[in-house]
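Read the structure below first, then the notes.
Worth knowing before you read on, the calculation uses all heavy atoms, side chains too, and leaves out hydrogens, waters and symmetry mates.
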Amino acid sequence: MAANPTANNKTANPPARKITTYDLVIGLLAIFSLIILIPLYFGNLPQADQTVLIILEDSLCAVFLFDFFRSLRLAPNKWGYFLKGGGWLDLLGSIPFSAFAIFRFARLFRVVRLLRKMTGGELRRMFTRQLAQSTLLFTLVIALLLVFTISWLVLLAEQGAPNSNIKTYHDAVWWAFVTITTVGYGDYYPVTGWGQSLAVILMFFGLGIIGVLSSYLASTFITLQRRRKEKIVGGNEQDQDKDEVEDNTEDETNSNLEAELASIKGELAALRKLFEDRYQTQ
């Protein structure tokens, strides 16, 4: 039997992978990690500030390494992804050394290439298909970018101000995290007008994060509850259909038995009549 050429083409050329919100988030983190390297290796920062950026850089590398193993697990052809799909570039870009940071551009080029092939409708559907998850991911990434960007700007504004207690980047990052989470310890605070304006931005965004997180959790619980109800209703419908089938089978069996009994009675009556006619004749 001849092989189907259409099936062979589908096997040889699997459908192109579609970009997701997760891919966009990883692309933004790759850009952010490359921006971090600029002050880290060319900014002549104090040791305490370098430590903060190094910890952040190592954390992003852990995220990129997770992304590599996730892509490898989801790839239909493991070696194809690793050799021809740029997997080896993703792996090298996940190593926390500045010499390998250049390989993170591979993620950016892949995202840009996929975005160029997408139409406006496809991009809109990508965001609206899982709106709660997309909103949460982008909110968390923007919060991360705001914390480390605004903390750097606040440090520039507060370093030379009198009575300022934010003297290092470590202090500024700590203050930014405390502010955006609406905790407000009060151990560090800006004293300049520019620094206080940036603090207001973090406060408002922190309130937005709480709202988005609450909405996401509520949406998740509602979805789980709806699926559970659908499963219960589906199970009840299946049980009802099963009972109806069993009842119909039982009715059919009873009808067959009644027909067989009627046939046996007819045969017995015929035999009885035959015997009676024979003995009466004798």
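With sequence neighbours left out, A75 forms a side-chain contact (heavy atoms from CB on, under 4.5 Å) with Y81. With sequence neighbours left out, N77 forms a side-chain contact (heavy atoms from CB on, under 4.5 Å) with W79. Partners of V63 according to the side-chain contact (heavy atoms from CB on, under 4.5 Å) rule, which considers only residues two or more places apart in sequence or in another chain, are I26, L29. Evaluation of the side-chain contact (heavy atoms from CB on, under 4.5 Å) rule for T168 yields D49, H170, D171 as partners, not counting sequence neighbours.
The CG atom of L145 lies 10.5 Å from the CD1 atom of I150; values are rounded to the nearest 0.5 Å. With rounding to the nearest 0.5 angstrom, the CG atom of L56 is 6.0 Å from the CG atom of L144. A distance of 8.0 Å separates CG in D187 from CG in N165, rounded to the nearest 0.5 Å. A distance of 13.0 Å separates CH2 in W174 from CD1 in I166, rounded to the nearest 0.5 Å. The CG atom of L198 lies 11.5 Å from the CG atom of L155; values are rounded to the nearest 0.5 Å. Expressed to the nearest 0.5 Å, how far CG of L60 lies from CG of L65 amounts to 12.5 Å.
Among all heavy-atom pairs drawn from A157 and G195, the shortest one is CB-N, 4.4 Å. K167 and Q159 get closest at one heavy-atom pair: O-NE2, 3.7 Å. Looking at every heavy atom in both residues, I209 comes nearest to A143 through CD1-CB, 3.4 Å. Counting all heavy atoms, side chain and backbone alike, W194 lies closest to L153 at NE1-O, 4.2 Å. Nearest heavy-atom pair across K78 and R73 is NZ-O, 2.6 Å. For the pair S94 and C61, the tightest heavy-atom approach, listed with the atom from each and the gap, is O-CB, 3.3 Å.
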Query raised in the report: Going through the checks in order, is the side-chain contact (heavy atoms from CB on, under 4.5 Å) test met by Y188 and V178?
Result: CA-CA 9 Å; Y188 295 103; V178 170; over 6 Å; no

Requested in this report: Could you walk me through whether Y185 and W175 pass the side-chain contact (heavy atoms from CB on, under 4.5 Å) test, one step at a time?
Outcome: CA-CA 9 Å; Y185 282 120; W175 163 82; over 6 Å; no

Report task. Decide side-chain contact (heavy atoms from CB on, under 4.5 Å) for W152 and V173; before the verdict, give the C-alpha distance in whole Å, the side-chain angles of both, and the deciding distance to 0.1 Å. Result -> CA-CA 8 Å; W152 183 265; V173 170; over 6 Å; no

Query raised in the report: When you look at V147 and F177, which way does the side-chain contact (heavy atoms from CB on, under 4.5 Å) test go after all the steps?
Result: CA-CA 6 Å; V147 164; F177 271 109; 3.6 Å; yes

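No chain of hydrophobic side-chain contacts below 4.5 Å, direct or via other Ile, Leu, Val, Met, Phe, Trp or Tyr residues, connects L146 to M203. With hydrophobic clusters built from ILVMFWY side chains whose heavy atoms lie under 4.5 angstrom apart, I54 shares a cluster with I95. L207 and V183 end up in different hydrophobic clusters when Ile, Leu, Val, Met, Phe, Trp and Tyr side chains are linked at under 4.5 Å.
Within the 3.5 Å criterion, the main-chain N or O of A30 finds a donor-acceptor partner in the side chain of S33. Side chain of E158 to main chain of T192: a donor-acceptor pair is present (N/O by atom type, distance under 3.5 Å, no hydrogens or angles).
Residue pairs meeting the salt bridge (charged side-chain N to carboxylate O under 4.0 Å, His left out) criterion with at least one member in residues 51-65, sequence neighbours excluded: E57-R104.
Using a 4.5 Å cut-off on side-chain heavy atoms (C-beta onward), L91 and F82 make contact. Using a 4.5 Å heavy-atom cutoff, the side chains of F68 and W88 are not in contact.
Clustering of Ile, Leu, Val, Met, Phe, Trp and Tyr by side-chain heavy atoms under 4.5 Å joins V191 with Y189.
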